[in-house]
Peer 1: 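I'd like to ask you about the structure that follows.
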Number of protein chains: 2
Amino acid sequence: MSNNEGPGRTVTLSDVARSAGVSIATASKALNGREDVAPATRARVLEAADALAFTPNPMARGLLAGRTGTVGVLTSDLEGRFMIPILMGAEDAFGAGQVNVFLCDARGDAIREQHHLKALLSRRVDGIIVVGRQTDPRPSLGQDLPVPVVYAYSPSDDPRDLSLTPDNYAGGRLAVEHLISCGRTRIAHISGDPSYAAAQDRLAGAHAALARAGLELVGEPMFSMWTEHWGRDAAAMVLQRHPDVDAIFCGSDQIARGVLDTARDFGRTVPDDLAVIGYDNWEVLARNSRPELTSIDANLQQLGRQAAQRVFDAIDGVDIGEGTYHLPVRLVIRGSTIARQ
Amino acid sequence: MSNNEGPGRTVTLSDVARSAGVSIATASKALNGREDVAPATRARVLEAADALAFTPNPMARGLLAGRTGTVGVLTSDLEGRFMIPILMGAEDAFGAGQVNVFLCDARGDAIREQHHLKALLSRRVDGIIVVGRQTDPRPSLGQDLPVPVVYAYSPSDDPRDLSLTPDNYAGGRLAVEHLISCGRTRIAHISGDPSYAAAQDRLAGAHAALARAGLELVGEPMFSMWTEHWGRDAAAMVLQRHPDVDAIFCGSDQIARGVLDTARDFGRTVPDDLAVIGYDNWEVLARNSRPELTSIDANLQQLGRQAAQRVFDAIDGVDIGEGTYHLPVRLVIRGSTIARQ
DNA sequence: CTGTTAGCGCATTCAA
DNA sequence: TTGAATGCGCTAACAG
């Protein structure tokens, strides 16, 4: 387990050079594919490097190059449902190349975030992805950072930053359009915390789709929490006050699960008597309900991949651009809106 | 955005030294809190460093020390439910100190894992935590790695490695003991994939607790999948064949959710007519069911923290030990086993 | 107490 | 085509 004595000592370029009978400089050139080295010499060097299992020390290398081949991912809440797919997408995109990801979880604490930011910068990461936990704008890290930054999920509140966030407006529209195309006209909306931009944007999208069809929401949209419990309670109120409702657009899959539950209590058959559509396409919930839940998927993994690609580009000197991009979402149709044949 | 020209250039120790009017060496000593430097000088250096927002270059530092202050976390399946708390625990424990975490997701692919392992080693991480997705033993990374390795969740199949894994046997025992202490005697077991060690261990623990009370499982334990759907189907079978069952120990919270669902269809009141206990304490599921779900919590965050602590120690030269440690789990009591007053 | 010197591992001039 | 020398930013000996 010791790592700096005996034959287990880390093998350096000079070991390779000696073993190949050349100078350090020549060995370096040979290994890095520079042109001005004789084929025979190069072969010998490569062979020696291989035999010694030589891997260049990235710190020595970085010290010269000024690049570390690492990026930081600064998340504000690892626990959250949305981080993981984004993180996967990013790690994926980077993993393909030669860069590795430093993960930092700020636990939603601004102090801790500053701390981690400093740590990342002092590690000389080549770029940073900031992943937020809501789609509400978040404070910018500032413009004077020495590395490119991309904001994912939570956009930055500074328009000079580059932000990628899912298009909740389109999601709301998509959901309602689907319900209408299923022949529903009496549509209610049950959503979560109204202070979330996500809740408002989805509602706005829904309104737009309804208006285009000459329809209106049944009752007022109902806001409270993103939980199954609230879905149950709200659905009971809706079904009591508006028995003629024929579809409910839910702000999350959790809420939708609660709605399904209550619908059963009320003797309403889904999707025949009542269509239900969720949001997030959280498969654990959506695929295990009775019936399975139609939902809107925000393509978060894709979002993470794109964020990674952007910092990649920025590192390579490509102009990174600015402003907030709303990435497309998609409809996933299951049994809660269309009966299986 | 450029990072090596103009006044935005990275500030180095020599900048600080010049600004403070001392030599580089003195500046270094002052900043690192070495004793042999005059208080006044130290103050000037610190002031200068602060004014210039100096942060030491970890690569230069690491080049000397032979340490990078980084560890790798090699997960086999980020998506999985169990990674996140472990990851959080680890990141937490490290974040407190000065080390940062490289995250690598092998996606359950051995090739990819090898690739990432190489990448981590070539980055000279000081240690590695391997996080698996099941509690079944997994192939060891081998004994000849230049850095300490700790296996979390999935133990290594080589007893010379150090592994930390939750004590599923104790979990099964705990669950059944709780049911018995609630006065239940006709207990059935519905679990997931029988090829999982977790399924077998929990069952074994359950058997032990039953035996000690002079009881037996009602019917054969039922195995299939870790899903809500299976929980529903299995519960229907159990309730049909053994109407006198008064408790069901479920292998996962998902299964338990399905069981609760079916219990309602059968007109069984939980917990009065039927007690239900889940496993994993996945709050999204457990806290949103009707009634809320009693469950076993594996303390995964704690497990992650301990894994981090171990590699920490190992890096510091403390003997890391070997073998597989089964970490304690805990019972979380909610309404599905004990009625609220 | 402070400054000078050396060297970590590597890539890159520039001479030979 | 090769190699000796230089320096990236920092710390650890030592000498002053």
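If you're wondering where the values come from, they're calculated on a predicted model, not measured in any experiment. Chain letters run A, B, ... following the sequence lines, proteins first and then strands; every chain starts at 1.
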Peer 1: Could you tell me if the side chain of B/Arg123 sits less than 4.5 Å from the side chain of A/Thr70, heavy atoms only?
Peer 2: yes
Peer 1: Which part of the nucleic acid, if any, lies within contact of B/Ile24, taking any heavy atom under 4.0 Å across all strands shown: a base, the sugar-phosphate backbone alone, or nothing?
Peer 2: base
Peer 1: Rounded to whole angstroms, how far apart are CE on B/Met59 and P on C/dA11?
Peer 2: 13 Å
Peer 1: Under 4.0 Å between any heavy atoms, over every strand shown, what does B/Arg34 touch: base, sugar-phosphate, or nothing? Just pick one.
Peer 2: sugar-phosphate
Peer 1: OP1 or OP2 of C/dA11 sitting under 4.0 Å from any side-chain N/O of A/Arg61?
Peer 2: yes
Peer 1: Under 4.0 Å, counting only non-hydrogen atoms across every strand here, what does B/Leu64 touch: a base, just sugar-phosphate, or nothing?
Peer 2: base
Peer 1: Hey, does A/Asp36 reach any base, or is it just sugar-phosphate, or nothing, if we go heavy atoms under 4.0 Å?
Peer 2: base
Peer 1: Does A/Ser14 place a side-chain N or O at less than 4.0 Å from the phosphate oxygens OP1/OP2 of C/dG9?
Peer 2: no
Peer 1: OP1 or OP2 of C/dA11 sitting under 4.0 Å from any side-chain N/O of A/Asn32?
Peer 2: yes
Peer 1: Nearest whole angstrom, please: distance from the P of D/dG9 to the CZ of B/Arg18.
Peer 2: 11 Å
Peer 1: Whole angstrom is fine here: how far is it from CG in A/Asn57 over to P in D/dC10?
Peer 2: 16 Å
Peer 1: Please tell me which of the listed nucleotides, D/dC10, D/dA4, D/dA12, lies nearest to the side chain of B/Ala25?
Peer 2: D/dA12
Peer 1: Would you mind telling me which of C/dG9, C/dT12, C/dT2 lies closest to the side-chain atoms of B/Thr26?
Peer 2: C/dT2
Peer 1: Name all residues meeting the salt bridge (Lys or Arg N to Asp or Glu O under 4.0 Å) criterion together with B/Arg133; count only those two or more places apart in sequence or in a different chain, and write none if there are none.
Peer 2: B/Asp77
Peer 1: Look at B/Thr12 and D/dG9 and indicate whether a side-chain polar atom (N or O) is within less than 4.0 Å of OP1 or OP2.
Peer 2: no
Peer 1: Of the candidate nucleotides C/dG9, D/dA5, D/dT11, which contains the atom at the shortest distance from the side chain of B/Leu13?
Peer 2: D/dT11
Peer 1: Both B/Arg42 and B/Ala60 contact DNA chain C. Taking the nearest nucleotide for each, which residue is further toward the 5' end?
Peer 2: B/Arg42
Peer 1: Please determine which of A/Arg138, A/Arg107, A/Lys118 meets the side chain to side chain donor-acceptor pair (under 3.5 Å) test together with A/Glu113.
Peer 2: A/Arg138
Peer 1: For A/Val22 and B/Leu63, find the nucleotide of DNA chain D closest to each by heavy atoms; which residue's nucleotide sits nearer the 5' end?
Peer 2: A/Val22
Peer 1: For B/Phe94, does the six-membered ring have the charged nitrogen or CZ of B/Arg305 within the cation-pi criterion, i.e. under 6.0 angstrom from the centroid and within 45° of the normal?
Peer 2: no
Peer 1: Rounded to whole Å, please give me the gap between CD in B/Glu35 and P in C/dT2.
Peer 2: 13 Å
Peer 1: Does the pair A/Asp158 and A/Ser140 meet the rule for a side-chain hydrogen bond (donor to acceptor under 3.5 Å, both in side chains), with working shown?
Peer 2: CA-CA 6 Å; A/Asp158 188 329; A/Ser140 171; 4.6 Å; no
Peer 1: Taking any heavy-atom pair under 4.0 Å as a contact, classify A/Ala38: base, sugar-phosphate, or nothing.
Peer 2: sugar-phosphate
Peer 1: Among C/dT12, C/dG3, C/dA11, which nucleotide has an atom closest to any side-chain atom of A/Lys29?
Peer 2: C/dT12
Peer 1: Does a nitrogen or oxygen in the side chain of A/Ser23 sit under 4.0 Å from OP1 or OP2 of D/dA4?
Peer 2: no
